[in-house]
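First comes the structure, then the notes that go with it.
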Amino acid sequence: QVQLVESGGGLVQAGDSLRLSCVASGRTFSAYAMGWFRQAPGKEREFVAGISRAGSTIYYADSVKGRFAISRDNAKNTVYLIMNRLKPEDTAVYYCAARNSVVAVRNVLDYAYWGQGTQVTVSS
């Protein structure tokens, strides 16, 4: 079992940047592929970015490609999401998730462990 705690959300203006962090505790962090997801009010939870357990394979949703960057520091049990050039449509609760596998995938159902989420609000 792994516990995940996100931080770094907040209220920003369009064009600003934020860095989200997700700290894991419990089982060996490096055994898990990690993903970032988000859920806006009235919408389904959607994939944002994923990183393999060694950090060598990364995927992004088309909507954030070129603006967001995912990374991980296995020594610190932490995965990051750097979000640049934020848009109002990026407003959502952002969740990190862990999957006991080599690579990350886009399907919500493939992740067994979730954090509580952190709110990101982008004003226009």
- Could you go step by step and tell me if Tyr32 and Tyr113 meet the side chain to side chain contact (heavy atoms under 4.5 Å, CB included) rule? CA-CA 10 Å; Tyr32 293 85; Tyr113 306 103; 3.8 Å; yes

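- Proximity of Val23 to Gln3: side-chain heavy atoms (C-beta onward) are nowhere separated by under 4.5 Å.
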Mind listing the side-chain donor-acceptor pairs of residues 81-90 below 3.5 Å, one per line with the distance, residues two or more places apart or on another chain?
from: Asn84; atom 1: OD1; to: Ser17; atom 2: OG; distance (Å): 2.9
from: Arg85; atom 1: NH2; to: Gly66; atom 2: O; distance (Å): 3.0
from: Asp90; atom 1: OD1; to: Arg38; atom 2: NH1; distance (Å): 2.9
from: Asp90; atom 1: OD1; to: Arg67; atom 2: NH2; distance (Å): 3.0
from: Asp90; atom 1: OD2; to: Arg67; atom 2: NH1; distance (Å): 2.8
from: Asp90; atom 1: OD2; to: Arg67; atom 2: NH2; distance (Å): 3.3
from: Asp90; atom 1: OD2; to: Lys87; atom 2: N; distance (Å): 2.8

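- From Ser63, atom OG reaches atom CZ of Phe68 across 7.5 Å, with rounding to the nearest 0.5 Å.
- Counting only distance, with no hydrogens or angles, the side chain of Arg106 and the backbone of Gly50 share no donor-acceptor pair below 3.5 Å.
- Ser101 pairs by the side-chain hydrogen bond (donor to acceptor under 3.5 Å, both in side chains) definition with Arg99, not counting sequence neighbours.
- By the 30° and 60° cut-offs, the orientation of the rings of Tyr111 relative to Phe37 is perpendicular.
- Counting heavy atoms from C-beta on, the side chains of Arg53 and Ser30 never come closer than 4.5 Å.
- In terms of heavy atoms, Val2 sits closest to Ala24 at CG2-CB, 3.8 Å.
- To the nearest 0.5 Å, atom OG of residue Ser21 and atom CZ of residue Arg72 are 13.5 Å apart.
- Val12 is not connected to Tyr80 by any chain of hydrophobic side-chain contacts under 4.5 Å among Ile, Leu, Val, Met, Phe, Trp and Tyr, and they are in different clusters.
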- Query: Would Val79 and Ile70 satisfy side chain to side chain contact (heavy atoms under 4.5 Å, CB included), going step by step from the backbone distance to the final call?
  - Reply: CA-CA 7 Å; Val79 61; Ile70 187 172; 3.9 Å; yes

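- Residue Ser56 holds its OG atom at 8.0 Å from CD1 of Ile51, rounded to the nearest 0.5 Å.
- Annotation: side chain of Tyr59 is in contact with side chain of Phe47 (closest heavy-atom distance under 4.5 Å).
- Although no hydrogens or angles enter the test, the distance criterion places no donor-acceptor pair under 3.5 Å between the side chain of Glu6 and the main chain of Thr118.
- When every heavy atom of Ala14 is checked against every heavy atom of Ser124, the shortest pair comes out as CB-CA, 4.4 Å.
- The shortest non-hydrogen separation linking Ala40 to Thr91 is CB-O, 3.7 Å.
- For the residue pair Asn74 and Asn77, the shortest heavy atom distance occurs at O-OD1, 3.2 Å.
- The line from OG of Ser71 to CZ of Arg19 is 7.5 Å long, rounded to the nearest 0.5 Å.
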- Evaluation steps, side chain to side chain contact (heavy atoms under 4.5 Å, CB included), between Tyr95 and Val108: CA-CA 11 Å; Tyr95 300 89; Val108 169; over 6 Å; no

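- Pairing each heavy atom of Val48 with each of Tyr94, the nearest pair is CG2-CE2, 4.3 Å.
- Minimum heavy-atom separation, Ala98 to Met34: CB-SD, 3.6 Å.
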